[in-house]
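Structure, as structure tokens:
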Amino acid sequence: MIVIGGGLGGLSTACYAQMNGYRSTVVEMHEIPGGCCTGWDRGNFTFDCCISWLLGCGPGNEMHQIWLELGALQGKQMRHFDVFNIVRTEHGEVYFYSDPDRLEAHLLEISPEDARTVREFCAGLRKFRACLASYPFLKPVGLMGTVERWRMLAGFLPYFNVIRRSIGTLMTDFSARFRHPLLREAFNYILYERHPAFPVLPFYFQLACHADLSAGVPEGGSLGLAHSIEQRYRRLGGEIHYNAKVTEVLVEDDRAIGVRLSDGRELYADIVVSAADGRTTVMDLLKGRYLGDTYRELYTSTITEPGMVFPGYVTVFLGLRRPFPDGEPCTTYLLDQDRAAALTGIRHPSINVQFRSRHYPELSPPDTTVVYASYFCDIAPWRALSTGPEQQSRMRRGEELHTLPTGRGKAYQTAKRQVRDTVVDFLDQRYPGLKAAVAVKDVSTPLTQVRYTGNYDGTVLGWQPFVTSGETLEQEMKRNGPVLPGLRNFYLSGVWATTGGLIRAAAAGRHVMQFVCRDDGLPFRAEIDRSAPLPTHLVVPVDRRAVERRAVDRRSVDPSIR
């Protein structure tokens, strides 16, 4: 088996291939594993750009078993904050505790007149916590027999009403029911950014996982997680080729037989799995063949429609020379229009700011701080400013590399500096002395994502759920599995074969191998990695009273600060 792409979907697929007796090889165009699940060094600082929460990092659900099978969490500490996110607007701030009792008390303190809506939301969250154990991740619905499907549905029966109501109500509509303007705004930003097409259900799901210590962050960060899975794969006997960019899937008699690399080499296999960018796979590597009606519509029409694919991000990283003990783990700030206008490509006037060294203290020197600020972003404005190629392969010391920097021109670099300076000035108002403490800084855009991963329009998560694209894909997977019509021995994996984030990508690898084993008439096997002890958990409190005292002190000095 050849697996295209060394992100989490590709690594997961390859791990399960090895567990089931297949001899697999991963080909990855970058020099490191992980794909979007990554980080990079700037001086003595490591800038982690992916995991703000990892679904399934705690026990009591099927997601957790997948991570343990992949060796992703063993021997690590999982860190959790008692607040999922803080949302700050001109009307005040909301601490979104994931514990429904604390959340209810806090929300009622803000707005007693919204008691009915507050209690309804928190009651649903309590119900959802009990529901998590019933969520199926280990086996794709398309491979479940009638009895298994009925058993799955029976597990959801006690929670039918809360699921029905939460999936049938958009959060934008639910939040509009609040009388208090702070709650009416803030609820839309629980998940850091505004997701206008999301119903209430994913908000319940994330908060419930967080409350159950199953949405924390893993020691070592995103790249550390990818390396752990890579090491698990190597222990299982797998092989990885880095700096290997696939330019074509080789097909003979409507059967995938291997891949051609950018240097002209051809690698052959009985089975080919692509966990690379979905559009690149079907339109470039396979030249638009074998689409069928569903995939042709998805990749030639639907993909171009607004809101069908998750947007990319702009991220600003700051390495600070000193600690900022008042820096909060995670805060979404709603911005005024003037400040938002200075942030190229911004979709909603808000930024999410994390004092990332609270999450990953091991990724920066002692007594320093890493700040991570991000916003949802359209790629078009950055493309309009860029003059260079989006990807370019070049030789360096006799080796072909595919993720080297490319010249993008003065206008592009000027826009990046403007974004960086706007964010630094904004934070310096709230954390005096921050600007003077900056030691290193970095800015990435959706074009950075394209350079490193080839992902369509710089997206991190692929298809959007709860809209036409995600629902169409899910139905296709249930009907036919992760295959293309008319092409044998070829499978799709990773985020483009599902909807969602890292756990969905990891689960996709498990699901693909279950389809492969079915097609080859073999029983599927998986086992938990026993090479290191199970993860431990640490809960870190976020002191709201200390933050309130700091805000009062600062307003006494500068009344314009809110």
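What you see is a predicted model; the values in this text were computed from it and never measured.
Applying the side-chain hydrogen bond (donor to acceptor under 3.5 Å, both in side chains) rule to Lys287 yields no partners; only residues at least two apart in sequence or on another chain are considered. In terms of the side-chain hydrogen bond (donor to acceptor under 3.5 Å, both in side chains) criterion, residue partners of His210 (sequence neighbours excluded) are, by chain and number, Ser98.
Ring geometry, Trp53 versus Phe84: the interplanar angle falls from 30° to 60°, so the pair is classed tilted. Ring geometry for Tyr135 against Phe128 counts as tilted: the plane angle lies between 30° and 60°, on a 0 to 90° scale. Ring orientation note: the planes of Phe203 and His195 are nearly perpendicular, at an angle over 60° on the 30°/60° scale. Between Trp40 and Phe317, the two ring planes are perpendicular [angle over 60°; tilted spans 30° to 60°].
A salt bridge is defined here as a Lys NZ or Arg NE, NH1 or NH2 lying under 4.0 Å from an Asp or Glu carboxylate O, and Arg260 with Glu248 meets this definition. For Glu230 and Arg234, the salt-bridge test passes: some basic side-chain N is under 4.0 Å from an acidic carboxylate O. Using a 4.0 Å cut-off between charged nitrogen and carboxylate oxygen, Arg255 and Asp253 do not count as a salt-bridge pair. A salt bridge links Lys139 with Glu148: the distance from a Lys NZ or Arg NE/NH1/NH2 to an Asp or Glu carboxylate oxygen falls below 4.0 Å. Between Asp270 and Arg488, no side-chain nitrogen of the basic residue sits less than 4.0 Å from a carboxylate oxygen of the acidic one, so the salt-bridge criterion is not met. Remark: Asp529 engages Arg235 in a salt bridge, criterion side-chain N to carboxylate O under 4.0 Å.
The backbone N or O of Gly312 sits nowhere less than 3.5 Å from a side-chain atom of Gln449 that would complete a donor-acceptor pair. In terms of modelled atom types and a separation under 3.5 Å, the side chain of Lys76 and the main chain of Pro218 share no donor-acceptor contact. Judged by distance alone, with hydrogens and angles left aside, the side-chain atoms of Tyr233 form a donor-acceptor pair with the main-chain N or O of Glu239 at under 3.5 Å. Between the side chain of Thr368 and the backbone N or O of Pro365 there is at least one donor-acceptor pair closer than 3.5 Å. In this structure a side-chain-to-backbone donor-acceptor pair under 3.5 Å is missing from Glu31 to Asn243. Not one N or O on the side chain of Glu400 forms a donor-acceptor pair closer than 3.5 Å with the backbone of Met395. Looking at Thr498, its side chain never comes within 3.5 Å of a backbone N or O of Val495 through a donor-acceptor pair. Although no hydrogens or angles enter the test, the distance criterion places a donor-acceptor pair under 3.5 Å between the side chain of Glu62 and the main chain of Leu138. Formation of a donor-acceptor pair under 3.5 Å by the His402 side chain with backbone atoms of Met29 is not found in this model. Between the side chain of Ser357 and the backbone N or O of Tyr360, no donor-acceptor pair lies under 3.5 Å.
At least one side-chain heavy atom of Leu492 sits under 4.5 Å from a side-chain heavy atom of Leu484. The side-chain heavy atoms of Leu401 and Glu399, taken from C-beta on, include a pair separated by under 4.5 Å. Pro482 places none of its side-chain heavy atoms less than 4.5 Å from the side chain of His511. The shortest side-chain heavy-atom distance between Thr332 and Ile351 does not fall under the 4.5 Å cut-off. Proximity of His30 to Tyr242: side-chain heavy atoms (C-beta onward) are nowhere separated by under 4.5 Å. Two residues are said to be in side-chain contact when any heavy atoms from C-beta on lie closer than 4.5 Å; Val460 and Phe310 fail this criterion. Inter-residue side-chain proximity for Thr468 and Met308 is flagged as met; some heavy-atom pair is nearer than 4.5 Å. Side-chain contact check for Leu447 versus Ile379: some heavy-atom pair is nearer than 4.5 Å.
Between the CG atom of Leu502 and the CH2 atom of Trp67 there is a distance of 5.5 Å, given to the nearest 0.5 Å. Atom OG of Ser12 and atom CD1 of Ile229 lie 7.0 Å apart (nearest 0.5 Å). Remark: Arg79 CZ to His537 NE2 distance equals 12.5 Å, nearest 0.5 Å.
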With side chain to side chain contact (heavy atoms under 4.5 Å, CB included) as the criterion, how do Val141 and Arg149 come out once you've worked through the C-alpha distance, each side chain's angles and the decisive distance to 0.1 Å? CA-CA 7 Å; Val141 175; Arg149 291 194 186 204; 3.9 Å; yes

Working note: Ser493 + Thr13, criterion side chain to side chain donor-acceptor pair (under 3.5 Å); need CA distance, chi angles, decisive distance, verdict. CA-CA 7 Å; Ser493 190; Thr13 304; 2.8 Å; yes

For Ser24 and Gln18, run side chain to side chain donor-acceptor pair (under 3.5 Å): C-alpha distance rounded to whole Å, both residues' side-chain angles, the deciding distance at 0.1 Å, then the answer. CA-CA 7 Å; Ser24 65; Gln18 294 296 130; 2.7 Å; yes

Stepwise side chain to side chain donor-acceptor pair (under 3.5 Å) check, Ser444 with Thr315: CA-CA 5 Å; Ser444 68; Thr315 58; 2.4 Å; yes

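A donor and an acceptor atom, one from each side chain of Tyr268 and Glu266, are located under 3.5 Å apart. For the 3.5 Å distance criterion, the side chains of Gln354 and Ser52 qualify, holding a donor opposite an acceptor. Side-chain contact annotation: Ser222 with Asp48, donor-acceptor N/O pair under 3.5 Å present. Between the side chains of Asn61 and Ser214, at least one donor N or O sits under 3.5 Å from an acceptor N or O. Side chain to side chain, Arg451 and Thr406 fail the donor-acceptor criterion of an N or O pair below 3.5 Å. Side-chain atoms of Asp254 and Tyr290 form a donor-acceptor pair, as typed in the model, at a separation below 3.5 Å.
Seen from the ring of Tyr372, Arg356 counts as a face-on cation partner, given the 6.0 Å and 45° thresholds.
Checked against the 6.0 Å centroid threshold, Trp463 and Tyr299 count as a close aromatic pair. Between Phe198 and Phe466, the ring center distance clears the sub-6.0 Å criterion.
The environment of Arg289 atom CZ is dense: over 12 non-hydrogen atoms of other residues, nucleotides or ligands sit within 6.0 angstrom.
Note on residues 508-519: pairs passing salt bridge (Lys or Arg N to Asp or Glu O under 4.0 Å), not counting sequence neighbours, are Glu69-Arg510.
When all heavy atoms are compared, the tightest approach of Leu70 to Cys15 is CD2-CB, 3.7 Å. The two residues His241 and Thr25 have their closest heavy-atom pair at CD2-CG2, 3.4 Å.
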